[in-house]
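Here's the structure, in structure tokens; my notes come after.
In this text the structure is predicted, and so the values were computed from the model without any measurement.
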Amino acid sequence: MNLTTIAARCAQRLHAPAVRWLLLLAICAAYIQGGLVKALNVEGAVAEMTHFGLQPAALFAVLVTLLELAASALILSGFYRWLGALALAGFTLMATLMANPFWQFDGAERGQMMNGFFEHLGLAGALLLVAFNDLKERADG
């Protein structure tokens, strides 16, 4: 058995509905965790929004919490998966520009922020791939 055959067999198994759902759950995990933490600690959520200069902080806390949980639910349920993925990708890009401005720092802090920036950029890319794949599957029937 050659490497191409092994890769093809692995790819077939990855298309199993349960495996695919678990992979989508992994992509959504940070948003589910973040949304639940904000929902269970409203004061902390408001403090986070205040820290980033978002006003009115309470409104932004509610909106971000709803976005993280509702968009994750769309992705995991398959109902308008593309919309949930696009919403989280846009949110992630905006949030990473706000939370990880590595270009404004020097030294170790710059490196940490740069890592966070590019990790979130990768997550946004994964979400865009989810959205585009869902739209393609819908177009293909």
Side-chain angles (χ1 to χ4, degrees), residues 1 3-141:
M1 188 177 330
L3 188 57
T4 304
T5 305
I6 294 169
R9 287 185 180 177
C10 288
Q12 286 174 336
R13 289 192 177 110
L14 285 177
H15 285 289
V19 173
R20 186 174 184 191
W21 190 86
L22 286 173
L23 295 173
L24 292 170
L25 179 62
I27 292 171
C28 293
Y31 303 102
I32 295 168
Q33 179 268 341
L36 290 175
V37 167
K38 287 175 188 68
L40 297 172
N41 181 4
V42 176
E43 282 185 27
V46 172
E48 182 181 8
M49 299 306 131
T50 302
H51 170 76
F52 289 113
L54 298 171
Q55 294 297 325
L59 176 62
F60 275 99
V62 168
L63 293 175
V64 169
T65 302
L66 289 174
L67 173 69
E68 288 179 319
L69 295 175
S72 294
L74 291 175
I75 291 169
L76 294 174
S77 70
F79 182 75
Y80 286 98
R81 177 174 285 144
W82 63 270
L83 181 61
L86 286 178
L88 285 180
F91 166 74
T92 301
L93 290 173
M94 289 187 300
T96 199
L97 287 170
M98 186 179 302
N100 297 299
F102 67 89
W103 52 90
Q104 296 176 359
F105 293 85
D106 293 314
E109 201 170 11
R110 180 185 180 103
Q112 291 171 344
M113 288 221 173
M114 188 181 295
N115 284 344
F117 180 91
F118 284 100
E119 287 169 0
H120 285 87
L121 190 63
L123 184 54
L127 288 161
L128 290 172
L129 188 60
V130 168
F132 296 149
N133 281 338
D134 190 55
L135 288 169
K136 182 182 181 313
E137 287 174 9
R138 289 174 187 280
D140 292 345

Subject >> Inter- and intrachain pairs under salt bridge (Lys or Arg N to Asp or Glu O under 4.0 Å), touching residues 21-45, at least two apart >> reply: K38-E48, K38-E68
Below 3.5 Å, can you tabulate the donor-acceptor pairs from side chains in residues 118-128 to any protein atom, sequence neighbours excluded?
residue	atom	partner	partner atom	Å
H120	ND1	G116	O	2.7

Subject >> Separation of L24 CG from S77 OG (nearest 0.5 Å) >> reply: 10.5 Å
Original post:
Pairs in or reaching into residues 50-63: which pass side chain to side chain donor-acceptor pair (under 3.5 Å), with residues at least two apart or in two chains?
Top reply: none
**OP:** Mind checking side-chain contact (heavy atoms from CB on, under 4.5 Å) for I6 and listing every partner two or more places apart, or none if nothing turns up?
**Re:** M1, C10
**OP:** Quick one: list whatever passes side-chain hydrogen bond (donor to acceptor under 3.5 Å, both in side chains) with T4, sequence neighbours left out.
**Re:** none
Subject >> Minimum side-chain heavy-atom gap R81-L76 below 4.5 Å >> reply: no
**OP:** Taking salt bridge (Lys or Arg N to Asp or Glu O under 4.0 Å) as the test, write out the residues that go with D140, two or more places apart.
**Re:** K136
Original post:
Quick one: CG on N41 to CG on L36, what's the gap to the nearest 0.5 Å?
Top reply: 12.5 Å
Original post:
Which pairs, with at least one residue in residues 84-96 and sequence neighbours excluded, count as a salt bridge (Lys or Arg N to Asp or Glu O under 4.0 Å)?
Top reply: none
Original post:
Does the W82 side chain pair with the main chain of F132, one donor and one acceptor, at a distance under 3.5 Å?
Top reply: no
Original post:
With sequence neighbours left out, what residues match E137 under salt bridge (Lys or Arg N to Asp or Glu O under 4.0 Å)?
Top reply: R20
Original post:
Any idea which heavy atoms bring F79 and R138 closest together, and the distance?
Top reply: C-NH2, 4.4 Å
Subject >> Pairing residues for L59 by the side-chain contact (heavy atoms from CB on, under 4.5 Å) criterion, not counting sequence neighbours >> reply: P56, L63
Original post:
Is there side-chain contact between I75 and D134, with at least one heavy-atom pair below 4.5 Å?
Top reply: no
**OP:** Scan for salt bridge (Lys or Arg N to Asp or Glu O under 4.0 Å) pairs involving residues 102-113, sequence neighbours excluded, and state none if there are none.
**Re:** none
Counting only pairs under 3.5 Å, give me each side-chain donor-acceptor contact of residues 88-102, with atom names and distances, residues two or more places apart or in other chains.
residue	atom	partner	partner atom	Å
T92	OG1	Y31	OH	2.3
T92	OG1	L88	O	2.6
T96	OG1	N100	ND2	3.1

Original post:
Does any pair with a residue in residues 58-67 pass side chain to side chain donor-acceptor pair (under 3.5 Å), and if so which ones, sequence neighbours excluded?
Top reply: none
